[in-house]
Amino acid sequence: DTEVTQTPKHLVMGMTNKKSLKCEQHMGHRAMYWYKQKAKKPPELMFVYSYEKLSINESVPSRFSPECPNSSLLNLHLHALQPEDSALYLCASSQLMGMGRRLSGNTIYFGEGSWLTVV
Amino acid sequence: EDQVTQSPEALRLQEGESSSLNCSYTVSGLRGLFWYRQDPGKGPEFLFTLYSAGEEKEKERLKATLTKKESFLHITAPKPEDSATYLCAVRLADRGSTLGRLYFGRGTQLTVWP
């Protein structure tokens with residue numbers, strides 16, 4: 001069963017708030033991802049964790065702070081966001097293939113997403 | 001310039017009217033082509049992974065095929081519940097890690113009416 005669980009499903013926050021998005025998977029995947037998706041646009045990669053270590057940061061502003069407490073959990077901490085950060089935030093996971101610089105992900109499975117509105 | 005192009009942008013079909021969606025990519029070194037289905041307000045649902053030209057995969061009314069430069073998602077006798085946005089994504093061979101770097105097309109919004 002392929003399942004990535006995200007909470008909360010909806011979040012409304014002010015520009016001075018601090019909140020977190022949470023993600024969990026129990027498929028034994030060692031790569032976890034955060035994507036951002038705006039309306040009518042494809043998902044955009046934000047962060048990648050492989051073996052619980054941050055592997056890729058796609059030049060995301062520091063007001064987004066990822067955390068991977070263990071191989072099953074992924075958090076995205078939010079602070080001082082802007083209204084333009086309102087979007088669907090998608091967590092995903094995949095198995096890993098290869099080693100070192102040739103590390104690659106297999107099929108990526110997405111969660112249902114967390115709708116974030118910044119007011 | 002888009003590296004992954006999906007067409008058409010939108011497609012309206014009557015129930016039972018078969019058709020195909022297209023995904024073409026303009027770069028070489030494919031390490032996987034992925035089809036997803038996305039319902040409004042939800043995350044993409046994985047459908048198929050294709051790795052090499054000539055490969056085909058089927059699931060219920062859907063069949064995905066791959067050539068050297070494009071993929072087709074064939075929908076046979078669609079039903080209203082097949083209405084969704086269908087996303088195509090490719091993973092390319094970089095010199096380094098390709099971890100997580102999927103190049104998505106903009107999607108085809110499919111509407112099937114009774």
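Chain A is the first sequence line, chain B the second, and so forth, proteins listed ahead of strands; every chain is numbered from 1. Scope of the values below: all heavy atoms of this structure, side chains included, with no hydrogens, waters or symmetry mates.
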Which residues share a side chain to side chain contact (heavy atoms under 4.5 Å, CB included) with B:E15, sequence neighbours left out: B:K79, B:P80, B:V112, B:P114
Checking B:T49 now: which residues fulfil side chain to side chain contact (heavy atoms under 4.5 Å, CB included) with it, not counting sequence neighbours? A:T107, B:F34, B:F46, B:Y51
Output for pair (B:L102 CG, A:I108 CD1), nearest 0.5 Å, gives 4.0 Å
Rounded to the nearest 0.5 Å, how far apart are CD of B:Q109 and NZ of A:K40? 4.5 Å
Is it possible for you to say whether [X] and [Y] belong to one hydrophobic cluster, with membership spreading through side-chain heavy-atom contacts below 4.5 Å?
| X | Y | value |
| --- | --- | --- |
| A:F64 | A:V12 | no |
| B:I75 | B:W113 | no |
| B:F72 | B:V90 | no |

What part of A:Q37 gets closer than 4.5 Å to chain B, counting heavy atoms only: side chain, backbone, both or neither? side chain
Using non-hydrogen atoms and a 4.5 Å limit, figure out which bit of A:E58 sits close to chain B: side chain, backbone, both or neither. side chain
Heavy-atom closest pair, residues [X] and [Y]:
| X | Y | answer |
| --- | --- | --- |
| B:P44 | A:L90 | CD-CD1, 3.7 Å |
| A:L88 | B:G41 | CD1-O, 4.4 Å |
| B:F104 | A:P42 | CB-CB, 3.4 Å |

Max heavy-atom pairs within cutoff under 4.5 Å with chain B, candidates A:A39, A:A92, A:P43, goes to A:P43
With sequence neighbours left out, what residues match A:K9 under salt bridge (charged side-chain N to carboxylate O under 4.0 Å, His left out)? none
Assess whether atom NZ of A:K18 is packed by more than 12 heavy atoms of other residues, nucleotides or ligands within 6.0 Å. no
Against chain B, residues from residues 71-87 of chain A with at least one heavy atom under 4.5 Å, in numeric order, are none
Which portion of B:E45 sits near chain A, non-hydrogen atoms under 4.5 angstrom: neither
Could you check whether any side-chain N or O of B:R91 sits under 3.5 Å from a backbone N or O of A:N106, counting only pairs where one atom can act as donor and the other as acceptor? yes
